[in-house]
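Only one structure is covered here, and it is reproduced in the block below.
For the numbers below, each heavy atom of this structure counts, side chains included, while hydrogens, waters and symmetry mates do not.
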Amino acid sequence: MASAASLDVGRLVQEAEALASAVRGALGPRGGQMLLTRPTGETLLTRDGRRVLEALNLGPPTARMMVACVSRHHSMTGDGAKTFIILLSKLLRGLQAILDKREGSPFCEDIQRRESYQKHCHSLKQISQSLMTFQTHILDHIMAQDLRKHFLSAFSSWEGEISRDTMESILEAYFCGRIGNSHQKLLSQLSCDFYYKCISFKNGRNEMLNLVNEYFVELHSAVTGLPVSNSRILEGFVLHRDFAVYCPADGDIRMLIVTESIDSALSASGLEFVVNAEVQYQASQVWITKRTEAIMKHLQNNNIKVLLSSVKQQEIVIYYAKISGISIVECLSSEEISLLCKTTGISPFIPTRDNICSEITETMIAKFCQPLVLGSKRYVHLGLTKTCAFQPHCVIFCGPVHGVTEQHASAFHGAFKMLQQLFKAVDLSDGCEAQPETPVNGQQLKTSMAETEKQFIDFSSLVGENPSCNQTDLQKSADLAMPIVELESDFMFSALIDRGSSVRELQKPPVKCQHPSETWIKNKSEPVVTNHRICNDAMTAIENTSTSVVSKQLNSYKHTVQSYTNVVIQAGSVLPVGGNFEILLHYYLHSYAKQCQQPKITLISTVIADALLSIPKILYSTTKENSFTQVFFKATSALQTNQQLPMHQQGLESVYCKYQLVASVLHCVAKLLTIDLIIGIRRLPQKTEVNDSEEDL
Amino acid sequence: MSRIEAKKPSLCTNEPLTKERVSFSLSVLSGIVKSCYGPTGRLKQLHNGMGGYVRTTSQSSALLGGLSITHPVLKVLTASVQNHISRFSDCGLFTAILCCSLVENFQRINFAACTVTKISRHLLSLCTDYLKSEACGCRISVDFDSIKTLLSLVHSVLASKPACMLNKTEANHLSTLVLKAFLLTIPHTVETNVVLGKCVIVPVKDKRVMDSTVFPGLLIEIPESQLARTFPVIRVSSSTIKMALFCISLSGDLSNIGEGTVIVHHGISLEVAVLDQLLNLGKQLINDQVDLVVCQKVIHPSLKQYLEEHRVITIDRVGVSMMEPLSQMTGSQPIAALHSVSPTCYGSLKDLRTESFVSKNFLHLIPNDTLVCSLILCNRNEMAWDELKLACQTAEHVLQLTIKQPLALLGGGCTETHLASYIRHKSFTLPASVLKAIDCSRTQYQLVADAFSRSLECVACCLEHDDGEILTDMVYGHFWSVQSGFPSDCNWSDLVLKCGCGICSNQQNLNWTVLQSQCIPFTPQSCSNEPSVNSTDHLVLDCFTAKCSGLQVAVETTNLILDLSYIVEDQN
């Protein structure tokens with residue numbers, strides 16, 4: 001018989017807190033390492049919350065679901081697993097407190113149910129729904145309205161270039177959390193070098209990051225038994241195979257990719273080979289050998305020096321290759337082949353009757369192709385001359401044990417995932433990415449408010465988006481606590497007007513701001529119409545709007561100018577590390593809650609705001625100089641007087657990752673609370689896991 | 001379905017280093033490795049208690065490979081030592097002992113892990129910078145013009161393995177052989193990419209160590225019956241021997257049929273067809289005046305007989321490991337075709353002889369250019385032979401590393417004591433700006449530095465197993481040992497003879513003190529100008545690359561272990 005149990009929030013809280021306590025020790029720069037052992041006896045060192053949580057092999061289905069949520073979030077952003085689970089546990093704890101209160105709680109009112117169980121379920125459902133409403137509407141709203149003025153931009157100019165100092169402080173902060181302070185400096189230097197070496201031109205950034213993330217396994221090698229300081233970056237690719245034949249060659253080396261055996265077999269699949277006489281058999285054997293010889297001669301005549309093969313070639317091929325002075329690398333993985341094809345843009349060569357005599361065009365050219373000994377293994381080191389947006393480089397991780405090299409490799413990979421997230425932007429609503437309005441808004445600053453109004457309407461009718469864009473909204477004054485019902489329809493434009501009415505005030509931050517529109521107009525005096533066209537590309541648009549310079553020196557930090565966009569988070573938005581994001585969000589959520597009319601949302605906002613504070617609390621619990629209360633007090637008083645936030649640590653983190661984290665946690669909690677029964681069944685144990693289809697609310 | 005078992009939840013341990021279980025297992029392991037260290041180290045016998053093979057050893061690679069370690073913290077420690085050994089072969093015990101004593105000493109001072117980690121990383125960088133600088137007082141450069149330092153290196157490796165059971169003459173003899181074998185693998189013509197040849201160790205047990213020898217070229221064991229048939233070799237005209245090397249099977253099996261079906265009509269024998277091809281191949285070989293045919297796999301008896309009738313010597317089943325040295329040594333290319341063999345593939349040999357040892361007969365292939373050599377290694381019994389083979393391989397590896405970086409460190413504990421006094425001295429004169437960068441107080445730094453130096457000295461102390469007194473001098477910071485049972489009213493200078501590495505002798509007034517006693521920090525001097533550097537006696541030297549890396553690996557592993565805050569053990 002199936003056993004069923006109703007969802008107990010108390011249990012959820014216990015589970016989440018147990019999980020959080022497992023990773024708490026590794027949070028932040030002063031946290032320690034975790035040691036995991038696998039059933040095979042291997043040991044793995046890590047500070048990666050996801051790895052730890054997955055290694056726990058938990059029994060309870062709800063706890064497993066939490067871990068699954070963490071994993072999904074982590075695989076997307078490359079970071080934040082520990083923060084996720086700590087935030088989750090605090091949030092659940094806060095919600096439990098609401099439920100326990102019952103009396104006077106907005107979630108228990110106006111329900112006339114007889115059974116307390118149903119009542120309980122109903123209030124859970126209510127909370128879950130409010131959480132989702134909060135996530136989809138209010139979170140974005142607060143990010144766009146309040147938090148955004150604190151964001152810094154990672155880009156050093158409007159062209160969207162990122163300076164090395166900024167990059168280093170972002171990466172250093174990331175590695176601080178991922179591997180601790182022992183080798184943080186080395187790895188952030190390494191990844192910074194890797195980034196700048198791999199990027200060939202600045203528009204190729206996203207393409208490069210995509211390639212690095214997709215093919216990271218092929219782009220790194222690990223050597224155990226050497227000190228960590230021997231880790232380095234090599235130019236070119238390291239193919240994880242040895243030469244089957246190596247013939248040294250100088251100058252430009254022409255190379256060919258093959259995906260099948262060059263030597264043909266006596267019979268192919270689906271065909272029959274009939275032997276009528278012994279002589280015939282011998283003749284066909286001779287023919288096969290001659291054909292292979294002819295192909296290899298043909299390759300030699302085409303000046304091919306290296307054959308890269310995805311399959312194992314026959315000994316006869318190797319023999320003729322050696323005679324013709326052609327090196328062969330065989331058994332390359334399909335990923336390695338596709339990486340090579342992608343970076344060089346060539347396709348594999350297939351020897352057929354037709355092309356055996358014609359010239360071979362699908363070749364790539366290498367500067368060098370030589371054996372490389374890493375540890376005890378021999379690899380092929382390949383330096384290509386002509387490549388795409390990605391300049392081939394690879395990383396060698398050294399460490400005393402496998403656990404260390406693996407930790408470094410996964411942290412390095414995570415860093416590049418994080419960078420990918422850093423260059424993403426969030427729009428107000430998920431549906432309308434890359435809106436043409438975005439860049440034009442920069443222009444509007446110069447023109448008068450009346451003109452702005454007109455253009456807004458023009459654009460919106462041009463796009464056909466939100467035709468009922470009511471002019472009345474434009475007259476509306478900035479209202480922080482907007483009724484949720486109206487949010488969807490007029491959110492976008494009221495937000496814009498918000499900015500518009502306060503634009504003169506914004507001009508007076510303590511540090512002198514450079515006006516985005518000024519640079520825009522000075523550098524590109526093109527008509528507005530062309531701007532439209534240019535800016536259809538969301539990426540360029542976003543890069544154009546970011547103007548401030550962030551450098552490592554604290555005093556030269558400048559505020560990002562608030563340009564008129566409906567982008568919640570611009571690409572490259574960063575905040576200083578050390579719980580700044582959490583404190584800011586806490587502060588603004590609280591002030592939002594005070595003004596909010598709806599009791600449910602007020603309550604939820606307060607709970608979320610309080611849960612957010614748990615992260616800086618842990619971060620500052622171990623340091624000597626700054627206690628959490630001091631930091632928090634200073635930050636809040638600075639916010640109340642509209643001053644810049646005091647900073648305690650150098651280093652920056654991506655706002656997008658943080659935003660995603662909060663959104664994912666809210667999702668996870670909402671999902672957990674919608675479950676009313678947990679049913680244990682006998683058949684397959686893995687089936688007892690909570691089904692993911694309950695996600696849609 | 002009942003077979004599916006739910007996974008057991010993992011076992012979690014918080015703050016593992018404070019637990020009794022760790023410190024106990026660590027002290028056991030450290031006891032084992034410490035007692036094995038050095039020429040007078042104690043031997044360990046490894047057995048499985050069920051009548052299996054018993055191994056007597058004192059070498060880290062055999063020892064750590066044999067121990068089954070269950071505690072995850074110790075697994076990290078042994079894994080990093082084993083990885084070090086697989087890279088460098090040498091200095092495994094040094095790394096293990098240093099790592100154990102660093103963990104023990106750092107735990108004793110009981111600071112926050114991240115402070116200790118930061119300081120010890122700085123201390124490590126001080127050490128490595130010092131070792132790599134010209135001013136380093138505990139290293140000497142290796143002169144390839146004379147074999148003396150190279151011989152000292154090999155001798156030190158062999159002498160530090162007591163389980164080989166070598167006496168002084170045997171150790172000298174073997175050192176010479178290993179060095180000779182290594183020199184034979186260096187190519188005569190130096191190009192940009194130097195590829196060293198290979199030294200093949202041929203086992204001959206039940207003979208005296210003094211019977212070991214080195215032959216240039218390869219020795220291939222052949223049965224006696226074949227020996228009688230093939231010899232004496234009658235050479236055709238030319239003075240060199242032409243050789244063909246095959247990497248495919250010449251046994252007449254059908255190769256590469258493909259994925260489809262092959263239909264053979266009645267009365268047709270493919271085997272006959274293939275054999276026909278093989279005999280044609282034989283004809284070609286004879287026409288090309290090939291004297292020797294070597295095949296990695298099997299040669300068909302008919303072909304063998306046919307070739308032997310025509311005075312061609314055949315050797316088959318040499319195995320894949322012999323293929324590379326064979327082709328390297330003779331210049332022949334492995335042939336993979338059954339017909340139209342290109343004459344450019346043939347290689348040549350200078351001479352072909354027979355050798356016999358005990359009951360084994362060998363064909364001795366003598367090349368024109370020696371890149372490959374065979375070391376016939378003899379020892380009295382199986383156990384000692386295994387140990388000796390490992391020691392010889394280590395020595396060969398040490399020589400290879402030394403040719404890449406021609407430096408050697410002073411052995412016999414002198415490098416450790418010298419470094420320890422250097423670190424002590426440095427920690428007292430450290431500028432305040434450095435302390436600020438590390439974010440620690442001077443007292444903290446000095447305490448960690450003291451623990452670091454103590455750990456280094458502890459490694460040196462492990463060389464003494466017989467209750468002797470260990471001294472250090474206040475000039476060079478070298479290691480001196482005094483045998484136990486000395487009269488209490490003696491001067492230290494009457495008791496000591498030579499320092500651990502053999503570079504300093506008891507001539508100067510060196511101001512000895514007992515090691516690890518509190519003394520004023522001093523700058524240790526370099527002694528590479530001492531006259532004894534050029535004396536005839538063996539110095540005790542260690543491989544520079546291996547020891548430097550061992551030091552770094554030990555400190556890094558210690559930092560890893562100290563930084564552990566949580567253990568999750570999978571119980572499945």
Report task. Identify which of Leu58(A), Val286(A), Ile318(A) forms the greatest number of heavy-atom pairs closer than 4.5 Å to chain B. Result -> Val286(A)
**Report entry** Donor-acceptor pair, side chain of Glu278(A) and main chain of Ser269(B), under 3.5 angstrom
**Finding:** yes
Query raised in the report: Do you know which of Ala22(A), Gly399(A), Ala277(A), Ala55(A) has the most heavy-atom pairs with chain B at a distance under 4.5 angstrom?
Result: Ala22(A)
Report task. Give a yes or no answer on whether the side chain of Glu556(B) reaches the backbone of Val228(A) with a donor-acceptor pair at less than 3.5 Å. Result -> yes
Report summary line: The interface call for Ser229(A) against chain B, heavy-atom contacts under 4.5 Å, is both
Query - Winner by heavy-atom pair count (cut-off under 4.5 Å) against chain A, out of Gln82(B), His84(B), His266(B), Glu15(B) - result: His84(B)
Query raised in the report: Quick one: does Leu551(B)'s side chain get under 4.5 Å of Leu131(B)'s, heavy atoms only?
Result: yes
**Report entry** Part of Val279(A) lying under 4.5 Å from any heavy atom of chain B
**Finding:** neither
Report summary line: So, the part of Thr43(A) with a heavy atom under 4.5 Å from chain B: the answer is side chain
Query - Between Ile335(B), Leu124(B), Ile85(B), the one whose heavy-atom pairs under 4.5 Å with chain A are most numerous - result: Ile335(B)
Report task. Carefully, step by step, assess Gln285(A) and Tyr281(A) under the rule side-chain hydrogen bond (donor to acceptor under 3.5 Å, both in side chains). Result -> CA-CA 6 Å; Gln285(A) 289 282 8; Tyr281(A) 176 77; 2.7 Å; yes
Requested in this report: Tell me, out of Asn559(B), Val555(B), Leu338(B), Asp276(B), who's got the most heavy-atom pairs with chain A below 4.5 Å.
Outcome: Asp276(B)
Requested in this report: Among the options Thr117(B), Leu11(B), Val76(B), pick out the one with the most heavy-atom pairs lying under 4.5 Å from chain A.
Outcome: Val76(B)
Query raised in the report: Is chain A contacted by the side chain of Pro72(B), its backbone, both, or neither, given a heavy-atom distance below 4.5 Å?
Result: both
**Report entry** chain B contacts, top residue of Glu293(A), Gln370(A), His183(A), Arg47(A) (heavy-atom pairs, under 4.5 Å)
**Finding:** His183(A)
Report summary line: If you tally heavy-atom pairs under 4.5 Å between each of Leu562(B), Thr557(B), Thr344(B), Leu270(B) and chain A, the highest tally belongs to Leu270(B)
Query - Stepwise side-chain contact (heavy atoms from CB on, under 4.5 Å) test for Val274(A) and His265(B) - result: CA-CA 8 Å; Val274(A) 183; His265(B) 281 243; 3.1 Å; yes
Query raised in the report: Checking heavy atoms, do the side chain of Ser342(B), its backbone, both or neither come under 4.5 Å from chain A?
Result: both
Query - Engaged part of Val195(B) at the chain A interface, taking heavy atoms whose separation is under 4.5 Å - result: neither
Query raised in the report: Is it true that a side-chain atom of Asn83(B) and a backbone atom of Pro400(A) form a donor plus acceptor pair closer than 3.5 Å?
Result: yes
**Report entry** Atom group of Cys548(B) that falls short of 4.5 Å from chain A, counting heavy atoms
**Finding:** neither
Query - Region of Asp563(B) that comes under 4.5 Å of a non-hydrogen atom in chain A - result: both
Query raised in the report: Taking the side chain from Ser327(B) and the backbone from Gln333(B), do they hold a donor-acceptor pair closer than 3.5 Å?
Result: no
Query raised in the report: Ignoring hydrogens and geometry, is there a side-chain-to-backbone donor-acceptor pair from Lys82(A) to Gly177(A) under 3.5 Å?
Result: yes
Query - Residue Ala337(B) versus chain A: region with a heavy atom under 4.5 Å - result: both
Query raised in the report: Is there a donor-acceptor contact under 3.5 Å from the side chain of Gln33(A) to the main chain of Leu45(A)?
Result: no
Report summary line: Bottom line for Thr13(B): the part with an atom under 4.5 Å from chain A's heavy atoms is neither
Query raised in the report: Side chain of Arg64(A), backbone of Gly59(A): donor and acceptor closer than 3.5 Å?
Result: yes
Query raised in the report: Is the shortest side-chain N to carboxylate O distance from Arg38(A) to Glu406(A) below 4.0 Å?
Result: yes
Query raised in the report: In terms of heavy-atom pairs under 4.5 Å with chain B, which of Val223(A), Leu226(A), Thr37(A) leads?
Result: Thr37(A)
**Report entry** Proximity breakdown for Glu569(B) and chain A, heavy-atom pairs closer than 4.5 Å
**Finding:** both
Query raised in the report: Is there a donor-acceptor pair under 3.5 Å between the side chain of Thr46(A) and the backbone N or O of Asp48(A)?
Result: yes
Query - Winner by heavy-atom pair count (cut-off under 4.5 Å) against chain B, out of Ile323(A), Leu56(A), Thr40(A) - result: Leu56(A)
Query raised in the report: Can a donor-acceptor pair be found between the side chains of Gln552(B) and Thr128(B) at a distance below 3.5 Å?
Result: no
